[in-house]
Number of protein chains: 2
Amino acid sequence: MTEKRRAPAGAAVLRGEITSAIRAAVMQELAEVGYGRLSIEAVARRAGVSKTAIYRRWRSKLDLVLDMVSAVAGRNIPLLDTGSLLGDLEILLHVMARALRHRLAAQIIPDLLAEAARNPQIAEKLQAALDDYQQAIGRILIGRAVERGELSPDTDRRAAVDLIVGPVYWRMAISRAPLESTEVPRMAAAIVAALRVACVGPVRDEVEV
Amino acid sequence: MTEKRRAPAGAAVLRGEITSAIRAAVMQELAEVGYGRLSIEAVARRAGVSKTAIYRRWRSKLDLVLDMVSAVAGRNIPLLDTGSLLGDLEILLHVMARALRHRLAAQIIPDLLAEAARNPQIAEKLQAALDDYQQAIGRILIGRAVERGELSPDTDRRAAVDLIVGPVYWRMAISRAPLESTEVPRMAAAIVAALRVACVGPVRDEVEV
DNA sequence: GAACGTCGGGACGCAACCGTACCGTCGTTG
DNA sequence: CAACGACGGTACGGTTGCGTCCCGACGTTC
């Protein structure tokens, strides 16, 4: 019971440099072969590390990836207040575009999102992060615009998020065409126009004859 | 040289029912484990067929999937002319939404798109299909609207496609939230508003102070 | 009705990977 | 300075999948 336990010391401590090497290797490997083909052996090889080193830190491949996901997804997105919906949107689009311009991100994100569709554990972590992200946009960005009077109070947050995030994601992650920074203002302006219209009730809509 | 070759007959002919079974099994398997983990053995098991049956028809796993992709992606999208941009958009969105509501499609499409980012062969086939799709939208849908005078002639086709396709894809394939049919008209209206603004030159844009 | 020739199925060798057990190493702690 | 104890690395059995080969079955054609 009252065992005297000496704290691990000396060589008996996880070396952070190795943990980092593994993390980096996982990202590389994830981008190169995807989650489906991700193998611990390959990660170990790439990191110049033994498999045991990995299994000591994470129980399984799933654990490993889940940990990476929460580490990356946990970051809060800073949503600066520029004083106008258009300005806020430009900033947000620039941030997203910059993120998706990174080769690793552009490959890993769609891959994990696809994997989430069949892996409940990944889905949970990823959807949580995604929901945070979307809620943040909806609450902060749209919320501010409503306060300013730029948008109607009964704007549908979810629909708004789709209109904001969809185009840039489609362009960069699916269509995989570059999005020049100079195009961002135009896209932002278009989205503002869309949002102004999107506030009307969901069901009722007149059809022109 | 002048060999007399009797045409294959009798049991010596590919049985279409088996080919179909394999195709169906591939779709199921693709949805369940993704391209990365797709195995010929599993496909054969699920189809109730021998591996040889598959290898007789396709040289490899890649060939198999490429064939499926071109078969599905080859279909032309009917873009009905309703007489107005708004009407055309509603139809298009309904078609996309219906397609993405199918479980198989909603899982396979994002998976293959992610895979395309690292597999040149799949990327080629898929990007070709995607480009066709986008060009069709750009040319027909936007083209008609321009002719009608609903949009400016110098509307950027690519940017327009992003605004049209992005939101619905994000909503259904990424965010994985249901898109009610009743929401489509509103989304279409929002997109029309966006498109009207998106025609201004890409670079120049005044910033409100 | 006999011959033909491809069919589907089972088995094989090979390769990759999983997760674990063991072993010598190393640096701190008392 | 000696002992502790977790460290990283190697080696291992088991599993899975790939692509191929050979076999008996089968139905049409002559």
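Note that the structure is a prediction, hence the values are computed from the model and not measured. Labels below follow one simple rule: chain letters A, B, ... track the order of the sequence lines, proteins then strands, and each chain is numbered from 1.
No contact: B/Ile54 has no heavy atom under 4.0 Å from any strand.
Between B/Ile18 and A/Leu38, it is B/Ile18 whose nearest contact on DNA chain C lies nearer the 5' terminus. Closest-nucleotide positions on DNA chain D for B/Ser39 and B/Arg56 were compared, and the one nearer the 5' end corresponds to B/Ser39.
Note: CZ (B/Arg15) to C1' (C/dG9) measures 12 Å, nearest angstrom. The CD1 atom of A/Ile22 sits 10 Å away from the C1' atom of D/dG8 (whole-angstrom rounding). Across the protein-nucleic acid pair, B/Glu29 atom CD and D/dT16 atom C1' stand 13 Å apart, rounded to whole Å. Put simply, CG on B/Asp63 is 14 Å from P on D/dC18, counting in whole angstrom units. One atom, CZ of A/Arg37, and another, C1' of D/dT16, lie 12 Å apart when rounded to the nearest Å.
Minimum interatomic distance between A/Pro178 and A/Glu183 (heavy atoms only, all atoms of both residues): O-OE2, 4.2 Å. Among all heavy-atom pairs drawn from B/Leu104 and B/Ala31, the shortest one is CD2-CB, 3.3 Å.
Put simply, B/Arg57 has a side-chain N or O that comes within less than 4.0 Å of OP1 or OP2 on C/dG8. The side chain of A/Ser50 contributes no N or O atom lying less than 4.0 Å from OP1 or OP2 of D/dG8.
Under the 3.5 Å distance criterion, the side-chain polar atoms of B/Arg101 are matched with a main-chain donor or acceptor of B/Leu179. Side-chain atoms of B/Asp162 never come within 3.5 Å of backbone atoms of A/Trp170 as a donor-acceptor pair (strictly under, hydrogens ignored). Between the side chain of B/Lys61 and the backbone N or O of B/Leu38, at least one donor-acceptor pair lies under 3.5 Å. Remark: the backbone N or O of A/Ala117 is paired with a side-chain donor or acceptor of B/Gln107 at under 3.5 angstrom.
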Expected rows: protein N/O vs nucleotides 19-21 of chain C N/O, under 3.5 Å:
from	atom 1	to	atom 2	distance (Å)
C/dG19	OP2	A/Tyr55	OH	2.7
C/dG19	N7	A/Lys51	NZ	3.0
C/dG19	O6	A/Lys51	NZ	2.4
C/dA21	N6	A/Thr52	OG1	3.4

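One finds the CG atom of A/Leu93 at 11.5 Å from the CZ atom of A/Arg171 (value rounded to the nearest 0.5 Å).
Each of C/dC7, D/dG8, C/dG9 was ranked by its minimum atom distance to the side chain of B/Val49; first place goes to C/dG9. Checked against D/dG17, C/dC17, D/dC7, the side chain of A/Arg45 finds its nearest nucleotide in C/dC17.
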